[in-house]
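Residue numbers start from 1 in every chain, and the chains themselves are labelled A, B, ... in the order their sequence lines are given, proteins ahead of strands.
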Amino acid sequence: MIKQIIINAIKKAIGESLGVLPMVEVEIPKDEAFGDAATTVAMALAPVLKKPPRRIAEELLPKIHAAGGPFERIEVAGPGFINFTFKQDYWYRSLGEILSNTEDVLRTDIGKGKKVQVEFVSANPTGPLHIGHGRGAAVGIALSNLLERAGYKVQKEYYINDAGRQVRLFGLSLYAKYQQRLGNEIPFPEDGYKGGYIDELCDEFIDRFGNKYLDVPSTECVDFFSEWAYQRMLREIEKDLGDFGVVFDRWQSEKAIYSMGKVDDAIAELKERGFIYEKEGALWFRSTAFGDDKDRVVRKTDGEYTYFASDIAYHREKLERGFDSIINIWGADHHGYVQRLEAVIEAFGFPRKRMKVVLVQMVSLLRHGQPVQMSKRAGEFITLREVMDEVGTDTSKFIFLTRRADSHLDFDIEVAKERSSENPVYYVQYAHARISSIFEQAEQRGINTSNLAEPQLSLLSLPDEIRIIKKLCHYPMVFELSASSLEPHRITYYLQELSGLFHPYYNRHRVISEDINLTVARLFLCKALHTVLKEGLGVLGVHAPQKM
RNA sequence: GCGCCUGUAGCUCAGUUGGAUAGAGCAGCUGCCUUCUAAGCAGCGGGUCAGGGGUUCGAAUCCCUUCAGGCGCGCCA
């Protein structure tokens, strides 16, 4: 990999003269005139060595040359950059490796088998998933794919909030709707769940049970209504997610955490550790001991645990399942929760950094540029199902992943629906489909594209071709950075850039020509492109179509 | 009032974790389909990186401050 080659060269060169080694930053210069890769070590070393960076760089130069490497040119430039230009040969070799050793080259193993858990979506099972959950799902699955490919052992988990007041209220809402539907005018609960899906749920309930519960008071059957309603909802959520291409390894019920006594256990352990105290008839967690603004109640004066209490137990349980790292993907409106949960992690004696929280910002839904008002209370919102049906899963996912998770997203349904250049996903998919089509043509002319005979890669000498090869070789760096920073959108951007090199090339030059050697070489290049496009789209959970 | 996030081209956003002359897409205008898919390509503009101060060889990026927007600040979930 490019980065490693530079680091090794610098290490060798510096190792001889100095004992110490600073962080070697390697970057791909924006301007091709500055070579293929550059490092800033000389600048970083300047304050240490008390010498001007340019001089350090110049002194380093002969040593780097002596250390050897696939370099055509090494130059000192600007304030003290050391710019490397690789030999053409190196690029051809790397291109070959992308195809001969695809997974090892494209999927840098930074995980080394470490166990990671990614918890995402985890929407209350009191209603259908909406577009915001869709974004969480897209980020979660992309992140999981990313980490899996980076050598982590990933478990995808959905936490079901089935214990709290909300599911109870959900059950009461259904009960009220049921009574009303059968002619019994009882009041609808304050803050109850409204919206069309409650009606549908009620229809189904009546089909199933008729008027069996008409004369049963709510106090006696609300548990049943709740249970039935949220189980029903959960199945729908699972179905929606499945159709969205998101399948979880594990569904953890909050209720189960309670019934197995894990909440009691967790609080007891915190008590032993001295982080639980009683005040004004409630139990408090001393989160301020770990930097939180205030201590938090875990058990109310009425004896009920708070939501936070089960979260404590849940996170303890996750940590004890032996993950090297647990990642929570939350809506940004939960950011206030991060600190107190980090306190929990530390209170149990785990390093704070073992838990990472990825905050996903809200999605503003638009139609033709006009905001679509959504009100959860009134039950008026666009569901993920509607978005999937209207704009498609690939497009939705891609759009969700074209921004950093923590930046706001405007999602215009009407624009997303258009099969036009407004949709970057087509741009990338189209590149993949076009290459498939080229292969088909080549096959028709009797060329075996799945096993290209001895391509003479040096025939790929056009600037367009060299540029594509280099870009392909950048993928591992983008991938690694994307995985280590938990930022899948970097892949999205890379794919657009890569496609942006291919389409012009396709327009200017013919892959299949009378010159069989050139044709084979170009097919080889296309194959590498095909491979990387598919790999990248795979990370995003987006299809790489053969035809469009 | 306090905390977190955001502020970059007309619009939507990237920006290699402090690097070299700040980039895409869209929107606008002009061209390109008898040859591997026009969901494509070629060309033309557009900037006080919200404002101010600081840190240093070097700042869109780090610190302080002001302004604007979003979110959060319960013995709710």
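Using Watson-Crick or G-U wobble geometry with both donor-acceptor distances under 3.5 Å, C2(B) finds its partner in G72(B). Base-pair partner of C57(B): G19(B) (Watson-Crick or G-U wobble, both distances under 3.5 Å). Pair assignment for G7(B) gives C67(B), based on Watson-Crick or G-U wobble hydrogen-bonding distances that are each under 3.5 Å. The partner of C32(B) is G40(B), by the rule that a Watson-Crick or G-U pair needs both atom distances under 3.5 Å. Of the nucleotides present, none pairs with A27(B) by Watson-Crick or G-U wobble criteria with both distances under 3.5 Å. Pairing of G45(B), defined by two Watson-Crick or G-U wobble distances under 3.5 Å, is not identified with any nucleotide.
At A20(B), one or more side-chain N or O atoms of Lys30(A) fall inside 4.0 Å of OP1 or OP2 (strictly under the cut-off). Between Tyr307(A) and A77(B) there is no side-chain polar atom (N or O) within less than 4.0 angstrom of OP1 or OP2. At the phosphate of C76(B), OP1 or OP2 sits under 4.0 Å from a side-chain N or O atom of Lys300(A). At the phosphate of A39(B), neither OP1 nor OP2 sits under 4.0 Å from any side-chain N or O atom of Arg434(A). The phosphate of C41(B) has OP1 or OP2 within less than 4.0 Å of a side-chain N or O from Tyr427(A). For Arg404(A), a side-chain nitrogen or oxygen approaches OP1 or OP2 of G15(B) to under 4.0 Å.
Asn83(A) has its side chain out of reach of Val76(A): every pair of non-hydrogen atoms, C-beta onward, lies at least 4.5 Å apart. Taking 4.5 Å as the limit, some side-chain heavy atom of Val344(A) sits within range of a side-chain heavy atom of Phe308(A). Using a 4.5 Å cut-off on side-chain heavy atoms (C-beta onward), Tyr258(A) and Lys262(A) make no contact. Ile327(A) is not listed as a side-chain neighbour of Glu119(A), based on a closest heavy-atom distance of 4.5 Å or more.
Residue His489(A) has its side chain nearest to G15(B) when only C13(B), U37(B), G15(B) are considered. Comparing A77(B), U6(B), C36(B) against the side chain of Thr306(A) picks out A77(B) as the nearest. Of the candidates C41(B), U37(B), G19(B), the closest approach to any side-chain atom of Pro79(A) belongs to G19(B). Relative to the side chain of Val297(A), the nucleotides C75(B), A20(B), G15(B) differ in distance, and C75(B) lies closest. For Ile28(A), taking side-chain heavy atoms from C-beta onward, the closest of the listed nucleotides A38(B), A39(B), U16(B) is U16(B). Of the candidate nucleotides U6(B), G19(B), A20(B), A20(B) has the atom lying nearest to any side-chain atom of Ala77(A). Listed nucleotides C71(B), C75(B), U16(B) differ in distance to Trp284(A); the shortest reach to its side chain belongs to C75(B). When distances run from any side-chain atom of Arg490(A) to the nucleotides G40(B), C75(B), U16(B), the shortest one goes to U16(B). Closest to the Ser437(A) side chain, of the nucleotides C36(B), C73(B), A77(B), is C36(B). Of the candidates A38(B), A20(B), A14(B), A14(B) carries the atom nearest the Ser407(A) side chain, counting heavy atoms from C-beta on.
A9(B) and G15(B) are spaced 14 Å apart, taking the C1' atom of each and rounding to whole Å. Using P as the reference atom, G53(B) and C13(B) are 29 Å apart when rounded to the nearest Å. Rounded to whole Å, the P atom of C49(B) lies 13 Å from the corresponding atom of G10(B). Here, U6(B) and G45(B) have their P atoms 34 Å apart, quoted to the whole Å. Atom name C1', nucleotides G18(B) and C36(B): the rounded distance is 46 Å, in whole Å. Comparing the same atom, C1', in G25(B) and in U8(B) gives a spacing of 15 Å after rounding to whole Å.
Among the protein residues, Asn161(A) comes within range of no part of the nucleic acid, since none of its heavy atoms lies under 4.0 Å from any strand. Residue contacts shown for His474(A) are absent, as no nucleic acid heavy atom lies under 4.0 Å away. Residue Asn83(A) is in base contact, counting any heavy-atom pair closer than 4.0 Å across all strands shown. Using a 4.0 Å heavy-atom distance criterion, Arg299(A) is classed as making no nucleic acid contact. Contacts of His432(A) with the nucleic acid, taken as non-hydrogen atoms under 4.0 Å apart, are absent. In this structure, Met43(A) reaches the bases: a heavy-atom distance under 4.0 Å links it to at least one base atom across the strands shown. Looking at heavy-atom distances under 4.0 Å, Tyr506(A) makes contact with a base. Residue Ser485(A) is classed as a base contact, given a heavy-atom separation below 4.0 Å to a base. Counting any heavy atom pair closer than 4.0 Å across all strands shown, Glu280(A) reaches a base atom. Using a 4.0 Å heavy-atom criterion, one finds that Lys294(A) contacts the sugar-phosphate atoms exclusively. Residue Gln546(A) is in base contact, counting any heavy-atom pair closer than 4.0 Å across all strands shown. Among the protein residues, Asp412(A) comes within range of no part of the nucleic acid, since none of its heavy atoms lies under 4.0 Å from any strand. Counting any heavy atom pair closer than 4.0 Å across all strands shown, Arg165(A) reaches sugar-phosphate atoms only and no base atom. As judged by a 4.0 angstrom heavy-atom cut-off over every strand, Arg508(A) is placed among residues touching the sugar-phosphate backbone only.
Judged by centroid separation below 5.5 Å and plane tilt below 30°, Phe81(A) stacks onto the base of A20(B).
With Leu409(A) as reference, Val363(A) is the one residue of Val360(A), Leu365(A), Val363(A) to meet the side-chain contact (heavy atoms from CB on, under 4.5 Å) rule.
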For this session: Could you check Arg286(A) against Tyr277(A) for side-chain contact (heavy atoms from CB on, under 4.5 Å), going step by step and ending with a plain yes or no?
Result: CA-CA 7 Å; Arg286(A) 199 184 303 281; Tyr277(A) 64 93; 3.4 Å; yes
For this session: Check step by step if side chain to side chain donor-acceptor pair (under 3.5 Å) holds for Tyr307(A) and Glu254(A).
Result: CA-CA 10 Å; Tyr307(A) 177 82; Glu254(A) 179 187 6; over 6 Å; no
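In terms of polar N and O atoms assigned as donor or acceptor, the side chain of His335(A) comes within less than 3.5 Å of the base of G3(B) in a complementary pairing.
Taking the syn range as angles within 90° of 0, the glycosidic angle of U37(B) is outside it, so the base is anti.
Taking the six-membered ring where the residue is Trp, His315(A) and Trp330(A) present perpendicular rings, their angle passing 60° and hence far from 30°.
Within 6.0 Å of CE on Met362(A) lie no more than 12 heavy atoms contributed by other residues, nucleotides or ligands.
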